[in-house]
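First up is the structure itself, then whatever we jot down about it.
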Amino acid sequence: MEQGYPVDRIDTGTAHSARVYDYILGGKDHYAVDREAGDVMCEEWPALPVHMRANRKFMHRAARYLAREEGIGQFLDIGTGLPTSPNLHEVVQQVRPDARAVYVDNDPIVLTHARALLTGSAEGRTAYVDADMRDPEAIIGSEQFQELLDLRQPVGLMIIGILHFILPPDDHSLVRRLLEPLPAGSFLAMTIGTADFAPREVNRVADEYARRGMPMKLRTKAEAEALFEGLDLVGPGLTQVHHWRPDADQEQVDDRDIAMYGAVARKNA
C-alpha cells in the first residue's frame with residue numbers, strides 16, 4: 001500500500017462527509033468541525049443516525065447476497081469511508097474466504113486507517129486506491145485495480161452512500177464509466193439519497209451539507225431507477241434500503257426515518 005500522506009493534506013478546518021458519518025455512527029475518527037456539523041444535522045433530523053445505520057446494513061446484506069447467492073468473489077467499493085467493522089471484505093470473506101476487495105476513496109484520513117484495518121483473510125486480498133469517483137479512469141487504471149481484479153470474472157461494484165454527492169449531469173456517465181470495463185455477469189449495488197419520505201427534514205440536512213461545502217442531489221424514485229437503466233434489477237427491485245431483503249432480526253424503523261433508496265442489478269452485456 002501507499003506510504004503516509006503529508007500532514008498538510010489533511011484539512012481539519014472543514015467538515016468532511018466521511019468523518020461526519022463516522023461521528024454520527026459513534027466512531028472516533030473525526031475533528032471538532034465534523035462533530036459540530038453532525039450535531040447540527042441531527043438537530044435538523046433526529047433520525048439521521050437511524051438512516052445511516054440502515055444504509056450501512058444494506059451494504060452488508062447486498063455484499064453477502066452477491067457472495068453467497070451470485071458467487072461473486074471480487075468487489076470494487078467506491079467511496080469507502082472510514083473503516084467500520086464489519087467492512088465489505090469481512091462480510092464477503094465470511095462466505096468466500098478467497099474474496100478480493102478494492103477500496104476507493106480520496107480522503108487521506110481514510111487512507112491512513114485503511115492501511116491499518118483493511119486487511120483480508122489469508123486466502124483473500126484487499127487493496128486501497130487513492131482516487132475520486134469523478135475520475136473513473138484513475139480508478140480503472142490503478143495498479144491495485146489491475147492487479148487484484150480479474151476482468152475475465154464478474155465483479156461486484158458497490159456505490160454506497162456517495163451518489164448524492166455527485167451532481168447531475170455527471171451521475172449517469174460516472175456510473176456507466178465504472179461499469180463499462182466490468183464483464184457481463186457483474187453486479188451494481190448502489191444506494192441513492194432521497195427526500196421522498198421526510199422532505200422537510202431531509203432537505204434541511206441537505207442544506208446544511210451544502211452550507212459546509214458538500215452540495216448534494218436528492219433524487220425521486222423515478223430518478224433513482226433511471227440510474228439502473230439497461231441493468232436487470234434483482235428482486236425486490238429499488239426500495240428504501242431497510243426494505244431490501246431485510247434480515248429476520250433487523251431493526252424496525254419508520255419509513256420516514258430512511259432517506260435512501262437501494263438496489264442491486266446485474267449487467268448482462
Side-chain angles (χ1 to χ4, degrees), residues 1-2 17-19 21-30 49-131 133 139 142 144-145 147-150 153-162 178 182 186-191 234 241-242 244-251 260 262-264:
M1 291 218 179
E2 300 86 346
S17 59
R19 300 195 307 260
Y21 186 87
D22 175 77
Y23 169 62
I24 291 175
L25 288 182
K28 57 183 180 180
D29 299 308
H30 42 72
V50 175
H51 155 83
M52 288 183 171
R53 287 196 300 271
N55 179 68
R56 185 77 180 172
K57 290 176 181 176
F58 169 88
M59 183 274 284
H60 295 161
R61 297 195 306 279
R64 191 177 301 114
Y65 166 81
L66 290 176
R68 179 178 294 150
E69 305 298 328
E70 301 291 350
I72 301 298
Q74 48 185 1
F75 293 82
L76 177 62
D77 184 25
I78 307 295
T80 299
L82 287 157
T84 303
S85 188
N87 291 289
L88 170 66
H89 71 280
E90 293 171 318
V91 172
V92 298
Q93 287 176 358
Q94 288 177 353
V95 179
R96 293 194 53 158
D98 63 342
R100 300 179 175 192
V102 174
Y103 292 97
V104 179
D105 210 301
N106 67 338
D107 179 70
I109 294 179
V110 174
L111 173 60
T112 299
H113 287 277
R115 187 186 301 111
L117 298 177
L118 298 182
T119 55
S121 66
E123 301 93 332
R125 293 177 62 192
T126 65
Y128 183 95
V129 179
D130 175 34
M133 180 180 174
I139 297 169
S142 69
Q144 297 90 333
F145 181 98
E147 287 187 355
L148 253 72
L149 301 186
D150 178 359
Q153 301 295 326
V155 175
L157 172 60
M158 315 293 287
I159 305 178
I160 307 296
I162 187 175
L178 287 165
L182 307 185
S186 294
F187 286 83
L188 169 65
M190 187 159 60
T191 62
V234 171
V241 288
H242 63 304
W244 194 89
R245 297 176 178 250
D247 294 327
D249 59 350
Q250 185 163 302
E251 176 185 11
M260 199 78 81
V264 174

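In this text, all values refer to a predicted model and were calculated from it rather than measured experimentally. No hydrogens, no waters, no symmetry mates; every other heavy atom, side chains included, goes into these values.
Residues Gly156 and Leu66 approach most closely at CA-CD1, 4.4 Å, considering heavy atoms. In terms of heavy atoms, Asn55 sits closest to Thr191 at OD1-OG1, 2.9 Å. Smallest separation of non-hydrogen atoms from Ile72 and Val155: CG2-C, 4.1 Å. When every heavy atom of Pro86 is checked against every heavy atom of Met59, the shortest pair comes out as O-CE, 4.4 Å. Nearest heavy atom pair, residue Arg96 against residue Gly71, reads NH1-O, 2.6 Å. Of all non-hydrogen atoms in Ser186 and Pro154, the two that sit nearest each other are OG-CA, 3.5 Å.
When the side chain to side chain donor-acceptor pair (under 3.5 Å) test is applied to Gln250, the partners found at least two apart in sequence or on another chain are Arg61. Checked against salt bridge (Lys or Arg N to Asp or Glu O under 4.0 Å), Arg64 has no partners two or more places apart in sequence or in another chain. With sequence neighbours excluded, the residues forming a ring-ring contact (aromatic ring centres under 6.0 Å, His included) with Tyr65 are Trp244, listed by chain and number.
Atom CZ of Phe75 is separated from atom NE2 of His89 by 12.5 Å, given to the nearest 0.5 angstrom. Expressed to the nearest 0.5 Å, how far CZ of Arg125 lies from CD of Gln74 amounts to 11.5 Å. Met260 contributes atom CE, which lies 8.5 Å from atom CD1 of Ile160 (distance to the nearest 0.5 angstrom).
The shortest side-chain heavy-atom distance between Val264 and Glu70 does not fall under the 4.5 Å cut-off. In this structure, the side chains of Asp247 and Lys57 stay at 4.5 Å or more apart for every pair of heavy atoms. In this structure, Ile159 and Met133 have side chains that are in contact, with non-hydrogen atoms separated by less than 4.5 Å.
Partner Val104 forms a side-chain contact (heavy atoms from CB on, under 4.5 Å) with one of Leu178, Asp77, Leu76 and no other, that one being Leu76. Partner of Val102 under the side-chain contact (heavy atoms from CB on, under 4.5 Å) criterion, out of Leu88, Val129, Thr126: Val129 alone.
A donor-acceptor pair is defined here as one N or O able to donate and one able to accept, closer than 3.5 Å; such a pair exists between the side chain of Tyr128 and the backbone of Asp105.
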Worksheet entry | Evaluation steps, side-chain contact (heavy atoms from CB on, under 4.5 Å), between Leu182 and Phe187 | CA-CA 9 Å; Leu182 307 185; Phe187 286 83; over 6 Å; no
Could you walk me through whether Asp130 and Asn106 satisfy the side-chain contact (heavy atoms from CB on, under 4.5 Å) test, starting with their C-alpha distance in whole Å, then the side-chain angles of each, then the deciding distance to 0.1 Å, before giving a yes or no?
CA-CA 5 Å; Asp130 175 34; Asn106 67 338; 4.2 Å; yes
